[in-house]
Each structure stands twice: as C-alpha cells, then as structure tokens.
Amino acid sequence: MEYKMTAEEEKQMVEAAFKNLLDGYLASNHRKKVEIIEKAYKFACEAHKGIRRRSGEPYILHPIAVATIVSQEIGLGSTSICAALLHDVVEDTDYTVEDLEAQFGKKIANIVEGLTKISGGIFGDKASVQAENFRKLLLTMSNDIRVVLIKMADRLHNMRTLGSMLPSKQYKIAGETLYIYAPLAHRLGLFAIKTELEDLSFKYEHPDTYENIKRQIADSEEARNKIFDKFATPIRAKLDAMGLQYDMKARVKSVYSIWNKMETKHVSFNEVYDLYAARIVFKCDRECDEKRICWNIYSEITDLYSLHPDRTRDWISVPKANGYRALHLTVMGPDGNWVEVQIRSERMDEMAEKGFAAHWKYKIGEGEEETELRTWLMTIEEILSNPEPNALDFLDTIKLNLFASEIVVFTPKGELMTMPKDATVLDMAFNLHSELGMHCIAGKVNHKLVSLSHKLQSGDQVEILTSRSQTAKAEWEKFVVTATGKSRLRQALRKQRRNIVDKGTGILDKFLAEHNVAMTGDVINRIISKLKLQNKDELLYKLGCGEVKLEGEHLKDAKISSAGNLLSKIFSFGGGKKSKEEPKSITKKVERVNGKIDISKVYVLTSENGVSNYKLAGCCNPIPGDDVVGYVNDNDEVVVHKLSCENAMRLKSSYGGRLLQTNWDSLSEKFLVAVNIEGVDRMGILQEIIYTISTTLAIDIRNLQIGAQDGLFTSHLDVMVKDATVVNNLCKRLRSIKGVTAATRKN
C-alpha cells in the first residue's frame, strides 16, 4: 500500500505518539524525570531526521514505539526510556557513544552501546550471524539487564510491523523470533510479550492456519462464555463471602498454544479441552498474607468442584526460576471438562506479566527475583567463556535452559537447587562442580542407589557418588539435559580428546619415521581410506585410543624410497574389489543470478523425467501440500523442510540468506508417508483397515506392522501418496472405523 501523508500530518502523528509515551510514564510510580526524556526525544528526532522505515513512515516512530513498550508493557523507568529512544542513534547515524555520554551520562550511553553491539558486527561466511548476535545479547545481560529488556521491546515492535517486509524476510525474522526471542522472553518472565511474539511469528509462518484458528476461537466465544459463567458464578459467591476485592475472568489460550497442542496431541480444534483457564487476581495490601489467601481460595473452590489429584502446582512456596508466583489447580467443570484455575495477588500478577522488570533493583532494590536471574546469568557466562565451535550447537545449548520447565531438588544438607525438567543425576553433579561431574559414578536419590541417567523429580534429595578413576564419557551426552552440564561435559571431552589425539600423533609420527616416510597429505589420505575413516582427526584419535594399529610387519619387503610404493605395499592399493561408484545426483542445482541466489522470488518445486530441483529433508519428510521452506545447502541444492520442523527453525534463525520461499508444482510422482494407528482390538479390524486403504481409497501399502496387548492395538503403516490431502483424508477415514481411536501421520 502506498504511503501518503503530508508533512504536517506526520508531525502531528509523531507528537501524538510521544505524548502517549509521556502520559503512560507519568501514570507510573517511577520518579518523574520528564526533562531528560524530552531531551532524548529531541536528540533522536534530530538524529533520524529525514530517515524513513520501509513502510514509508518517519523512522522516529520506531524508537518512540520501542520506548512506549519499555515503559508501559515492561514497566521500566526514565533511564530505559531514554536508551530506547536513542537505541539506533549510534548504529544508524554519525553520533558516537561518547556524544551520548556527554549529553545523557554514562548509564544511558552504556545501555545504547550494549544495544549497538548486539545489532552490529561482521562475521565470517560460515558463522551464523544470529547465533553470534545472540551470544552478544547474553554477554551484555551480565552488565545491565535493561539492554536485553529494551532489545525485547525492539523485537516486539519489529514483529508488530513485519507486514511491510518482503516474504523472505518475514520467514527469517519470524523463525528467529520463535527460536530465540520468545523463549528468552519466557525465561525473563515476560509472559505477555512471549505470547505475542509466538502468535506474531506463527501468523507469518502459517497465515492460513493462524486465521483459521483465530476464526474458530471467535466462533466458539459465545458458547465458551456461557460455560465459564456457569462455572464462575458459585466461585464468585464464595469469594464475595470472603470479603475479597478480586477480578475473575477466563484467559483463552493463544493461537500458537492451541496450534501447538493440536500438533503435539494430534487433535482437532474441538478436541482441545483446555481452551481457556480461569484466573483470579485479588487485592492484598500485605505481602505476608498472600499465601494464606491463595490457599483459602483453593479450599473454597475444591468445596465446589472435584480436584484433579495430579495437577496442583504450588509456585508460591517455590517460585519458578523466572520469578513466577501463583497457585494453580485443575477441577472438573460443569461441562465435564477439566478447567485450570490460576490464583494470584495483584503483585504476583504484575510479576507474571512484566517479569523481572517489575521488581528490578532500579525500582525496588535487591530481591529474590534478582538473585534468581543472577544465578542464571552466571550459567550463561560460563557457557560463553567456553563456547561451542558451531554456532547452532551454541544456540541449542542455551535454548535447553530457555524452554525448560523446572523441578526443585535438594542436596544432602538440605540446600535447594532449581533444575530443568528431566534433569538427571549427572546434570546435578555437573551443575554443582565440573570435577564432581567428570568423576561421578552414581547417585543416591532419597537414600536409594540410582544410575547416572536417573531422571530427578521435584522434592528429591540427591547425593552424588564419585570415583577418582572415573572419566567423562561421550555417551553421557545422551542424558545430560542442562546447559551447564552439556557445556562442562563437552569441555571435559574436548580436553580428553586433545590428549588422545596428541598420543595418536606421536604413534603416527613414530611409525612413519621408522620407515622413512614423510607425512604428506597423500600419505594420510591413503591411510584414512584404507582404514575407512572420515578424516585425519579420527585417525589420530583411534590410534591414540588403540582402536586401530599400523602393523610394521607389512613393511618387511617394502622399498623405503617411495612413499607411494610403500603405501601400495602396506595397503595393496590398486588390487581387490573396486569401491562402488557414488550414485549420480538426480537433483538440479539452484540457479544463481550474478553468482547470487535470488531469495526475493518464490522457488517452484518441480520434477521432470526423474530429475527434481529439490531434495526432501529426512528429518521431517515433507510432501506436496505441506507448508515448507527451502534451504540452499553448500552443494547449491534446495533442501525442503516443513515450516514446523525444528531443524528448519534453527536454519531460519541462523541462515536467513539461504532461505527460499517455496511453492509446490503439480508433481506426478508419489511419496512414502508413515501413519500410526491406535485403537481397541476386535475381530476383523485389520481386514477393515486394509480394505479401506487399498480398495476404498486405492492407496498403495508398502509396509504394515500391527501388535495387540491388553485389548488395545497399535499399527505402523507406510503408504505411497501424491500429497498431504490424501494422507489427511486417509487418517480421517481410518478414524471413522469402529474401534480406531487415533490415526495420525508420523512427522
């Protein structure tokens, strides 16, 4: 849409946006430092004068919007508002950090410098720019948390205005947001921002599905409200009798959360029973009374409705690591579905929505929330001091802690430790100390001997058992889940590997020296080929471990003068069976314009005479009809991933320049798809399933496995289909068979 606005209209729009920012700040409980905010606004206006955003509007509207989010949605004060107004000045104009320090002081200048470091920088061709930026983002957190909070606000506004970007840019930014920024917002307790970032990312990645779910939420609103009113009326009567001032309302799941549940549980929209939760927020003047009131409300609700025994969550006594406090219970509603009820005070509610910023030291002084965050920051600092060589590995390591749900465990002395869900004995050992982890042989959980891989539960008391003879093992990586544990284990393994490789180097040097053979690339490559190894590093490692040996007896009759002759004697090159030829590639390489891939155009996935212009990713097995994205690999081949594939998310967050927006052409070939079927076993059900697939639907079955136990059956089915519509129809028809309870496509 063409941007049309007069200079006077633009001026009024900018002034109105700034007035909204100031009004929100003046309504807060911060000290009123209007003068410095107005000074920062005028400075930013002058610095960005004449510059426009892609949408055509004046650029100054962006920093004003970011400052408004910082103030009104995160709850920060004048220092952060000024830094937000100035956050792009150093990067995009001729002003320097020193200029800002002279005008606004050291604090504001340092925050702007931190934000500039995150955005700027030039990296090598093979480095992931976003992973490096994320590394910088985390590094700055240890100096001033306000840097990352303002960066969150910046990303949120960019997502809100993403519609003006090219589709290829939308894919990249949305994927990066979902992979990095949404979980980081969650870890910082910024629930409202996390939810909006997820929904906006989902909107641009799956626009049709997003609109469909949004429409279904709206269509079901009237019926949902009636059920909620019926559920809430007796609870409100009880709360009124208690003399509480409170607000009780239904909180509908976000579009992204609903879709996520539909995908993971393989259910339709109508089968998502926990579409909403009830939230009770009560007023309480004294913090010491909050816990008692929460449990009194709990008691009144459980007098009215039946309680789910396994779904009570007490985050008042032991808050989440991001500072979240509330009491959750799940009861049976009047419609026969379980309803979650969240009980929290106004103070807890503010903490849940605004996270650490709500009680940060710049506002109320040192508190528990800061202590919790500082512990997490120390973990990140340790990982950053020993970063993974591969940027994506680094992202995955950090992401483990960002997404994780928490459990609480205790040391033998009764000290409390917060760990991610599914953390093991070995995780706890590494989290306590690197040496403890490397020499850990077992654990005692609640005084019972358990293995290193034993998963811990909330409330466990854990004692770590060690032995000096124990060393770190590569297979431990399979059950270490914490970021600290993985980082410390990999550090130990790298150190061990270096020692073994050094030993292997000595063995190879000695072997070649004994037979007067120079260590050339050709010599090494021949040895690697003969021993069927991958590279020189693997050769040296296996030599050091003693897994392979270079036998001297093969050299008895060899001539020492020629390395080539020598090696042909040792390994009999040229004789024996020829290695099988590598299969010829049947994938066309992507076309380039002036040596560059044109990512602005939609790439059509086609196939002619058995030669395709794409490859299907084995991790998610996409087929025509799936929402997909193309990734250009190092061989200039377009690898197609589902948009929802975890690997695709990693690629989107880190290799945006290699992504192609793709569309399926009408393809004649068929694709192998796996379908899982579950149900109640009965006589003749297998014949009915086979008849439905092969006769009624005329689908080619390639493999069928079925097993039954205790009256239930499970089946794995491989079929050849043309597109996703055929699979969806197949699953729908299978579910209509009496006894079949679930039929879902694998991947």
Side-chain angles (χ1 to χ4, degrees), residues 155-156 159-160 162-163 167 170-186 190-221 223-224 250-277 337-340 399 402-405 617 619-623 625-629 640-653 661-662 673 675-676 723-725 727-729 731-732 735 742-747:
R155 176 49 59 116
L156 179 58
M159 287 300 296
R160 286 174 177 174
L162 195 57
Q170 290 174 353
Y171 272 126
K172 177 188 178 299
I173 294 170
E176 175 186 297
T177 300
L178 200 57
Y179 187 74
I180 295 174
Y181 289 93
L184 185 55
H186 171 74
L190 303 170
F191 180 78
I193 288 178
K194 169 243 184 189
T195 303
E196 188 175 353
L197 287 175
E198 285 178 341
D199 272 6
L200 287 169
S201 298
F202 181 59
K203 175 183 175 181
Y204 286 103
E205 291 201 326
H206 301 271
D208 295 338
T209 310
Y210 175 85
E211 291 299 332
N212 185 36
I213 294 174
K214 197 174 175 183
R215 188 186 69 253
Q216 290 183 87
I217 292 173
D219 291 345
S220 62
E221 183 177 11
R224 194 170 61 246
R251 183 188 64 82
V252 181
K253 272 183 178 289
S254 68
V255 175
Y256 177 76
S257 293
I258 292 170
W259 174 80
N260 216 14
K261 188 136 198 173
M262 289 166 64
E263 287 289 301
T264 53
K265 300 289 184 184
H266 302 295
V267 295
S268 66
F269 178 86
N270 294 327
E271 293 172 292
V272 179
Y273 71 85
D274 56 345
L275 199 60
Y276 70 91
N337 281 324
W338 293 108
V339 180
E340 183 183 69
K399 191 163 168 276
L402 298 183
F403 272 130
S405 301
C619 51
C620 55
N621 299 316
I623 62 173
D626 290 334
D627 289 334
V628 293
V629 65
V640 181
H641 289 264
K642 282 185 186 177
L643 271 174
S644 56
C645 170
E646 187 172 333
N647 287 333
M649 288 176 65
R650 296 170 71 219
L651 294 170
K652 280 182 282 183
S653 68
Q661 189 183 1
T662 54
V673 170
V675 175
N676 290 331
D723 55 39
T725 308
V727 189
N728 295 337
N729 185 41
C731 292
K732 186 177 179 182
R735 285 194 291 268
T744 54
R745 175 180 163 192
K746 195 176 178 183
N747 286 334

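Counting from 1, the numbers follow the sequence of the chain as shown. Just so we're clear, the structure is a prediction, and the values are computed from it rather than from any experiment. Atom set for the values below is all heavy atoms of this structure, side chains included, hydrogens, waters and symmetry mates excluded.
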Kindly indicate whether the side chain of [X], heavy atoms from C-beta on, has any atom under 4.5 Å from the side chain of [Y].
{"X": "Ser201", "Y": "Tyr181", "value": "no"}
{"X": "Val675", "Y": "Cys731", "value": "yes"}
{"X": "Tyr256", "Y": "Leu178", "value": "yes"}
{"X": "Phe202", "Y": "Asn260", "value": "no"}

Determine the minimum heavy-atom distance between [X] and [Y], stating which atoms define it.
{"X": "Tyr204", "Y": "Gly163", "answer": "OH-N, 3.0 Å"}
{"X": "His641", "Y": "Ala648", "answer": "CB-CB, 3.6 Å"}
{"X": "Ala174", "Y": "Glu205", "answer": "CB-CG, 3.9 Å"}
{"X": "Asn212", "Y": "Arg215", "answer": "OD1-NH2, 2.6 Å"}
{"X": "Asp626", "Y": "Ala724", "answer": "OD1-CB, 3.6 Å"}
{"X": "Ile193", "Y": "Ala185", "answer": "CG2-CB, 4.3 Å"}

When rounded to the nearest 0.5 angstrom, what is the spacing between [atom1] in [X] and [atom2] in [Y]?
{"X": "Asn729", "Y": "Asp723", "atom1": "CG", "atom2": "CG", "value": "10.5 Å"}
{"X": "Asn676", "Y": "Lys746", "atom1": "CG", "atom2": "NZ", "value": "6.0 Å"}
{"X": "Leu275", "Y": "Arg251", "atom1": "CG", "atom2": "CZ", "value": "10.5 Å"}
{"X": "Glu176", "Y": "Ile173", "atom1": "CD", "atom2": "CD1", "value": "7.0 Å"}
{"X": "Thr195", "Y": "Leu200", "atom1": "OG1", "atom2": "CG", "value": "11.0 Å"}

Legend entry - Under 3.5 Å: donor-acceptor pair, side chain of Thr177, backbone of Leu197: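 Looks like no, no N/O pair under 3.5 Å.
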Legend entry - N/O donor-acceptor pair under 3.5 Å between Arg224 side chain and Ile217 backbone: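 Yes, the answer is positive, given that a donor and an acceptor are paired below the 3.5 Å cut-off.
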Kindly write out the residues that satisfy salt bridge (charged side-chain N to carboxylate O under 4.0 Å, His left out) with [X], not counting sequence neighbours, or none if the list is empty.
{"X": "Lys203", "answer": "none"}
{"X": "Asp199", "answer": "none"}
{"X": "Arg160", "answer": "Glu73, Glu196"}

Inset, instruction - Show your reasoning for whether side-chain contact (heavy atoms from CB on, under 4.5 Å) applies to Leu184 and Arg155. - result: CA-CA 12 Å; Leu184 185 55; Arg155 176 49 59 116; over 6 Å; no
Legend entry - Electrostatic pair Lys194:Glu198 at N-O distance under 4.0 angstrom: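 Salt bridge: yes.
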Inset, instruction - Anything under 30° is parallel, anything over 60° is perpendicular, the rest tilted; go ahead and classify His206 against Trp259. - result: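 Geometry flag for Trp259 against His206: tilted rings.
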